[in-house]
Amino acid sequence: MRLIFVYNADSGRLNSWLDIGHKLLSPDTYSCNLCALTHGLLSEREEWKRYREESADELVFLHRDEFEKRYAKDSEFGYPVILRVNGDGGYEVLMTAEEINGFDELSTLIERLRRL
């Protein structure tokens with residue numbers, strides 16, 4: 001199964017630095033809970049790295065602008081979002097922004113992904 005994880009953030013070095021500053025100075029208002037769960041200030045969390053490495057699924061990680069440029073220019077998805085690619089190249093939403101934003105712990109996200 002191919003899963004696409006789309007962060008509610010744009011790509012690029014400047015955006016990365018702005019995100020780090022936002023996480024540091026105002027973590028409660030940071031707009032991407034998927035990023036907050038899977039990454040610390042400067043790097044990927046070990047628990048998430050283990051999940052990725054052990055997963056039998058093909059996992060693709062994209063920023064919002066990368067996803068829209070590559071797959072869905074006029075995306076109707078709210079971000080962050082986790083999608084499953086169907087055999088016909090279409091998408092099925094596995095987890096909405098609302099679901100992802102409801103997670104307080106990385107372990108909860110990982111458990112939910114394993115059940116899917």
Side-chain angles (χ1 to χ4, degrees):
M1 175 167 53
R2 184 175 191 203
L3 302 179
I4 300 176
F5 295 75
V6 185
Y7 293 103
N8 189 27
D10 288 329
S11 62
R13 188 176 306 269
L14 176 61
N15 288 317
S16 292
W17 284 108
L18 291 171
D19 285 345
I20 289 168
H22 194 158
K23 279 191 208 176
L24 182 63
L25 298 174
S26 188
D28 292 342
T29 64
Y30 187 63
S31 64
C32 186
N33 199 44
L34 181 58
C35 182
L37 290 168
T38 61
H39 290 74
L41 278 179
L42 300 175
S43 64
E44 182 177 42
R45 296 186 194 281
E46 276 302 313
E47 183 179 5
W48 183 245
K49 183 177 180 182
R50 273 192 309 280
Y51 165 76
R52 276 190 320 93
E53 291 173 348
E54 294 170 0
S55 178
D57 298 319
E58 178 186 355
L59 308 178
V60 177
F61 300 92
L62 297 170
H63 292 92
R64 175 182 53 220
D65 62 321
E66 295 167 322
F67 174 76
E68 290 177 357
K69 181 178 180 184
R70 197 179 295 182
Y71 294 102
K73 191 171 208 158
D74 297 318
S75 173
E76 54 196 60
F77 304 115
Y79 301 112
V81 67
I82 301 172
L83 307 166
R84 177 177 24 213
V85 179
N86 297 327
D88 64 0
Y91 310 104
E92 174 188 352
V93 175
L94 287 184
M95 281 189 227
T96 65
E98 183 176 59
E99 291 173 286
I100 295 166
N101 291 335
F103 294 127
D104 292 330
E105 308 246 343
L106 176 57
S107 59
T108 308
L109 171 64
I110 291 172
E111 180 57 35
R112 176 84 188 281
L113 286 165
R114 286 185 174 142
R115 282 189 273 137
L116 295 172

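Please read all numbers here as calculations on a predicted model, not as lab measurements. Heavy-atom basis, side chains included; hydrogens, waters and symmetry copies ignored.
Contact check for Pro80 versus Asn8: side-chain heavy atoms found under the 4.5 Å cut-off. Within the 4.5 Å cutoff, no side-chain heavy atoms of Leu3 are placed close to those of Leu83. For the pair Ile82/Leu113, a side-chain contact is recorded, criterion being any heavy-atom separation below 4.5 Å from C-beta on. Considering only heavy atoms from C-beta on, Phe5 comes within 4.5 Å of Leu34 through its side chain. A heavy-atom distance below 4.5 Å is found between the side chains of Trp48 and Leu109. Counting only heavy atoms from C-beta outward, the side chains of Val81 and Met95 never approach each other to under 4.5 Å.
Here Lys49 contributes atom NZ and Thr38 contributes atom OG1; the two are 13.5 Å apart, rounded to the nearest 0.5 Å. Distance check: Arg52 CZ to Ile110 CD1 gives 11.0 Å after rounding to the nearest 0.5 Å. Expressed to the nearest 0.5 Å, how far NZ of Lys69 lies from CG of Asp10 amounts to 12.0 Å. Atoms CE and OG, from Met1 and Ser55 in turn, are 7.5 Å apart once rounded to the nearest 0.5 Å. Between Tyr51 atom OH and Glu111 atom CD the span is 10.5 Å, to the nearest 0.5 Å. To the nearest 0.5 angstrom, Tyr91 atom OH is 10.0 Å from Asn86 atom CG.
A salt bridge is defined here as a Lys NZ or Arg NE, NH1 or NH2 lying under 4.0 Å from an Asp or Glu carboxylate O, and Arg84 with Glu92 meets this definition. Using a 4.0 Å cut-off between a side-chain N of Lys or Arg and a carboxylate O of Asp or Glu, Glu68 and Arg64 do not qualify as a salt bridge.
Taking the six-membered ring where tryptophan is involved, the planes of Tyr79 and Phe67 are perpendicular, since the angle between them exceeds 60° and thus also 30°. Between Tyr7 and His63, the ring planes lie tilted relative to each other; the angle falls in the 30° to 60° range.
In the hydrophobic clustering of this structure, Val60 groups with Val6; members are Ile, Leu, Val, Met, Phe, Trp, Tyr whose side-chain heavy atoms approach within less than 4.5 Å, directly or through other members. Linking ILVMFWY side-chain heavy atoms closer than 4.5 Å, directly or via other members, places Leu116 and Phe103 in a single hydrophobic cluster. Under a hydrophobic clustering in which Ile, Leu, Val, Met, Phe, Trp and Tyr are joined whenever their side-chain heavy atoms come within less than 4.5 Å, directly or via other members, Val93 and Val85 fall into the same cluster.
Counting heavy-atom neighbours within 6.0 Å of Glu105 CD, excluding the residue itself, gives a total of 12 or less.
With hydrogens and angles disregarded, no donor-acceptor distance shorter than 3.5 Å links the side chain of Asp57 to the backbone of Leu59.
The salt bridge (Lys or Arg N to Asp or Glu O under 4.0 Å) test applied to Arg2 returns Glu58, not counting sequence neighbours. For Glu53, the side-chain hydrogen bond (donor to acceptor under 3.5 Å, both in side chains) criterion is met by no residue, not counting sequence neighbours.
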